[in-house]
2 protein chains.
Amino acid sequence: MPPAVNLKSLAQALNLSIATVSRALQDSHEVSPQTKERVRALAAELNYQPNAYASSLRRNLSKTIGVVIPEVNNHFFSLAINGIEEVARQHDFHVIIYLTHDDYAREVAIAQYLTGGRIDGLLMSVASGSQDFAHLHKLQENKLPIVFFDRVCEEVSTAKVTTNDYESGFRATQHLLEAGCRHVAHLLVSGNLSIGRSRMQGYAAALQAHGLPYDEDLVLSGGNDQERNATLIKELLERRPEIDGIFASVEHLAIGSYHACQRLGRSIPEQVKIIGFSNLEIAALLNPALTTITQPAYDIGREAAVILLRAVTRKKSVLPAQSLMLESELFARASTAR
Amino acid sequence: MPPAVNLKSLAQALNLSIATVSRALQDSHEVSPQTKERVRALAAELNYQPNAYASSLRRNLSKTIGVVIPEVNNHFFSLAINGIEEVARQHDFHVIIYLTHDDYAREVAIAQYLTGGRIDGLLMSVASGSQDFAHLHKLQENKLPIVFFDRVCEEVSTAKVTTNDYESGFRATQHLLEAGCRHVAHLLVSGNLSIGRSRMQGYAAALQAHGLPYDEDLVLSGGNDQERNATLIKELLERRPEIDGIFASVEHLAIGSYHACQRLGRSIPEQVKIIGFSNLEIAALLNPALTTITQPAYDIGREAAVILLRAVTRKKSVLPAQSLMLESELFARASTAR
DNA sequence: CTGTTAGCGCATTCAC
DNA sequence: GTGAATGCGCTAACAG
């Protein structure tokens, strides 16, 4: 679909060489102001738009970054995208999005494809099923700069941006314990995700700090099937009626807990207190039934994009393996929704 | 960031010409099976990936579609993206996303940029502030196939996929009236969006059908500022205490109504009944306070993408100006969240 | 300050 | 069945 207007046609119309037109449009200092003006005028009039592919091919730079995430229908990721998009726009970069649906095979296929030089850098949150990381190492061998955010891959050495997951887990659990809970269940996110492990460790540490035993039976590992999660939560609450607190690692599980308690007639927060990772809107709706830990999703996206774009514009393909951790916020009373 | 492995290097290693290698990889019938096998083997071994830009430049086809939407942090759009992405993947197409943040200037800038041949087709939901559509007409002049979805632009002649907004508005209002409401307020989405107009017309028609007057003071036009919306809703409810039903045109306004009623101590659904466009998850949380009209977001994305990709693969740049309307669903009792 | 030349990686036409 | 040559549109090195 190439517009008929390109450098060649402009050059012909203006009786100039293609090179001069190209330079004029790039505001090169080695072209006379008058010529620049003539070129610009005609380009604007004819609505000239450079062919991005030709330019990318030539400069070996596409001004595009890729974002690989499990889902977009998720508050955290959609907010993160907003942050990413904001930074990208400021740098005049484009954002191309790929969804893995938490499917390892898709992630591999996408990674394989990205080898093709379509993007200059990659932001990624790994799929929960991922165990083998050869596909990610291949990307690195291809000199593609990568920044992981939220669901990081610890096995790959590069920059990472996360929430303070360990501390969040600790604080969340502590919050329940200080509110008087003695039998706190933990609903874990599926797979063996880095974030799940850290939050769980925080949970265990908080229990220990309060002299309570860690009971494996109180820890439930959820999946992507919400129906099944609901059943599992219900069964857990029935099996262990002494449960008086639930710490949910992700929003879906927090909502699932809420529904399960309602169905079982457990009053919230009197009989069971729930705390979970969630966004402010949900928090406001479930207030006071749900205490919320909110991740700075927008900022995580922003920071990750900033780090990536700094590397890309400096043509650094290998990023230092440093970890940036942003603070989450705990809202016991989510009075305002944004 | 081109991988060092390209057609040239493959050709050298195999003692073949670039042309033959290219043909072999495309499974051309005019190359011997043995050669094909040799080529494929080496390509796989070296992890060859064609350079997308070179290929796009040469074939004048990028295998990429653009999606321009106001926000991604929105259930409707994120679900629609899932649908789009699904179809794109089936066709081996890529999806590049642009956000307007409902800002007309951004929409124009994006449209201008898309003229550059970066994408083969465009899916679009217009920004609410858009009044002038020259930028969209320019895209059409550039032979870029466009399919509008949800927030369509009636002034541009091309394919459109929407929900049955008029009927949805009618049914929603009727639902309230049949439940006994006599003073139904309508919370309108910002700007003069096509969807807002249609829903509003349905609202007005339902009132008329029930012999009730259309009262302009009961119609509130919201914006993107949720704080301000909350204030406006509260003021409306205070000014017109007889209001016993609210029909909200978008989810944010439905939630805002819910909060406003709570703050004013109006019991829901006893004193005030609320019905609004919303997704099932929110519906389940607010059940029975909120009756929901749910748009088939995923299907709308899917259908729009199917229509667009059909045109793209057939190299039809101009789409027939036909309108596909999908049914919304009304959930008086949203018992299950997906 | 401007023009000429070369080539990014690939697909394709034309020879053989 | 294979190779050589051409050009997509653009940028950059080199001349003048």
Side-chain angles (χ1 to χ4, degrees), chain A residues 1-40 43 46-64 113 115-120 142-143 315, chain B residues 1-40 43 46-64 113 115-120 142-143 315:
Chain A
M1 332 267 121
V5 42
N6 50 22
L7 289 186
K8 191 169 162 190
S9 65
L10 287 179
Q12 280 172 343
L14 292 164
N15 251 322
L16 285 172
S17 75
I18 293 178
T20 304
V21 175
S22 171
R23 280 185 288 237
L25 290 173
Q26 286 170 82
D27 205 14
S28 161
H29 47 276
E30 49 179 346
V31 50
S32 78
Q34 304 94 308
T35 311
K36 270 189 196 168
E37 223 9 72
R38 283 179 59 211
V39 173
R40 280 188 194 144
L46 299 186
N47 231 283
Y48 167 75
Q49 199 65 25
N51 180 308
Y53 293 121
S55 174
S56 296
L57 179 60
R58 184 58 232 261
R59 310 165 74 137
N60 196 22
L61 188 81
S62 62
K63 289 216 158 226
T64 304
Y113 179 82
T115 297
R118 188 183 266 265
I119 59 174
D120 301 329
N142 271 275
K143 309 274 183 237
K315 301 197 178 287
Chain B
M1 332 269 124
V5 43
N6 51 21
L7 288 186
K8 193 168 160 191
S9 65
L10 287 179
Q12 278 173 345
L14 292 164
N15 250 321
L16 286 172
S17 74
I18 293 178
T20 305
V21 175
S22 171
R23 280 186 284 238
L25 291 173
Q26 286 170 83
D27 205 15
S28 160
H29 45 278
E30 49 180 347
V31 49
S32 78
Q34 304 94 307
T35 311
K36 269 188 196 171
E37 220 12 70
R38 282 179 60 213
V39 172
R40 279 186 193 147
L46 299 186
N47 233 283
Y48 168 75
Q49 200 66 26
N51 180 306
Y53 293 120
S55 176
S56 296
L57 179 60
R58 185 57 176 67
R59 311 163 73 133
N60 197 21
L61 188 81
S62 63
K63 289 215 156 225
T64 304
Y113 180 81
T115 298
R118 189 182 265 264
I119 59 174
D120 300 329
N142 270 275
K143 309 272 181 236
K315 301 196 176 290

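Residue numbers start from 1 in every chain, and the chains themselves are labelled A, B, ... in the order their sequence lines are given, proteins ahead of strands. No experiment lies behind these values; they were computed from the predicted model shown.
Each of B/R59 and B/L16 was assigned the nucleotide of DNA chain D with the nearest heavy atom; the assignment lying further toward the 5' end belongs to B/L16. For the pair B/A54 and B/P33, nearest-nucleotide mapping onto DNA chain D gives the more 5' position to B/P33.
Considering only residues two or more places apart in sequence or on other chains, A/S22 meets the side chain to side chain contact (heavy atoms under 4.5 Å, CB included) condition with A/L7, A/Q26. Listed by chain and residue number, B/R23, B/S28 satisfy the side chain to side chain contact (heavy atoms under 4.5 Å, CB included) test with B/E30 (two or more places apart in sequence, or in another chain).
For the OP1/OP2 pair of D/dT2 and a distance below 4.0 Å, the side-chain nitrogens and oxygens of B/T20 include no atom meeting the criterion. Contact check, A/S56 against D/dC10: no side-chain N or O comes under 4.0 Å of OP1 or OP2. Phosphate proximity of C/dT2 to A/S17: absent, as no side-chain N or O sits under 4.0 Å from OP1 or OP2. Regarding contacts with the backbone of C/dC10, a side-chain N or O of B/Y48 is found under 4.0 angstrom from either OP1 or OP2.
For the pair A/Q34 CD and C/dC1 P, the computed distance is 8 Å after rounding to whole Å. One can place CG of B/L7 at 7 Å from C1' of C/dG9, the figure rounded to the nearest angstrom. In this structure, B/L14 atom CG and D/dG1 atom P are separated by 18 Å, rounded to whole Å. Between the CG atom of A/L57 and the C1' atom of C/dA11 there is a distance of 13 Å, rounded to whole Å. Taking atom CG of B/L61 as the reference point, atom C1' of C/dA11 lies 13 Å away to the nearest angstrom. Nucleotide D/dG9 holds its C1' atom 12 Å from the CG atom of A/L10, rounded to whole Å. Atom CG of A/N60 is separated from atom P of C/dG7 by 16 Å (rounded to the nearest Å). Taking atom CG of residue A/N15 and atom P of nucleotide C/dG3, one finds them 9 Å apart after rounding to whole Å.
Note that the CG atom of B/L16 and the CZ atom of B/R38 stand 5.0 Å from one another [nearest 0.5 Å]. For the atom pair A/N6 CG and A/N51 CG, the distance stands at 9.0 Å (nearest 0.5 Å). In this structure, CZ in A/R118 is found 9.0 Å from OG in B/S55, a value given to the nearest 0.5 Å. Here the straight-line distance linking atom CG of A/N47 with atom CG of B/N142 works out to 7.0 Å at 0.5 Å rounding.
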Hey, mind stepping through A/Q12 and A/V21 against side-chain contact (heavy atoms from CB on, under 4.5 Å) and telling me if it holds? CA-CA 10 Å; A/Q12 280 172 343; A/V21 175; over 6 Å; no
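The minimum heavy-atom distance between B/D120 and B/K63, with the atom names listed, is OD2-N, 2.5 Å. Closest heavy-atom contact between A/S56 and A/S62: OG-CA, 3.4 Å. Closest of all the heavy-atom pairs between B/G117 and A/Y53 is O-CE1, 3.1 Å. A/L25 and A/A43 get closest at one heavy-atom pair: CD2-CB, 3.9 Å.
Residue-level contact check: B/S32 touches the backbone only, with heavy atoms under 4.0 Å from sugar-phosphate atoms and none from bases. Backbone-only engagement by B/T35 is indicated by non-hydrogen atom pairs under 4.0 Å involving sugar-phosphate atoms exclusively.
Considering only side-chain atoms of A/N51, the nucleotide from D/dC8, D/dC10, C/dC10 that sits closest is D/dC10.
Listed by first and then second residue, the salt bridge (Lys or Arg N to Asp or Glu O under 4.0 Å) pairs that reach into residues 9-22 of chain B come to none, sequence neighbours excluded.
Direction of the helix axis in the helix from C/dC1-D/dG16 to C/dC16-D/dG1 shifts by 40° between the two five-pair termini, rounded to 10°.
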Are any protein N/O atoms closer than 3.5 Å to N/O atoms in nucleotides 5-7 of chain D? If there are, list each pair with its distance.
unit_1	atom_1	unit_2	atom_2	d
D/dG7	N2	B/R58	NE	2.5

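Residues of residues 23-30 of chain A that place a heavy atom closer than 4.0 Å to DNA chain D, in numerical order, are A/R23, A/Q26.
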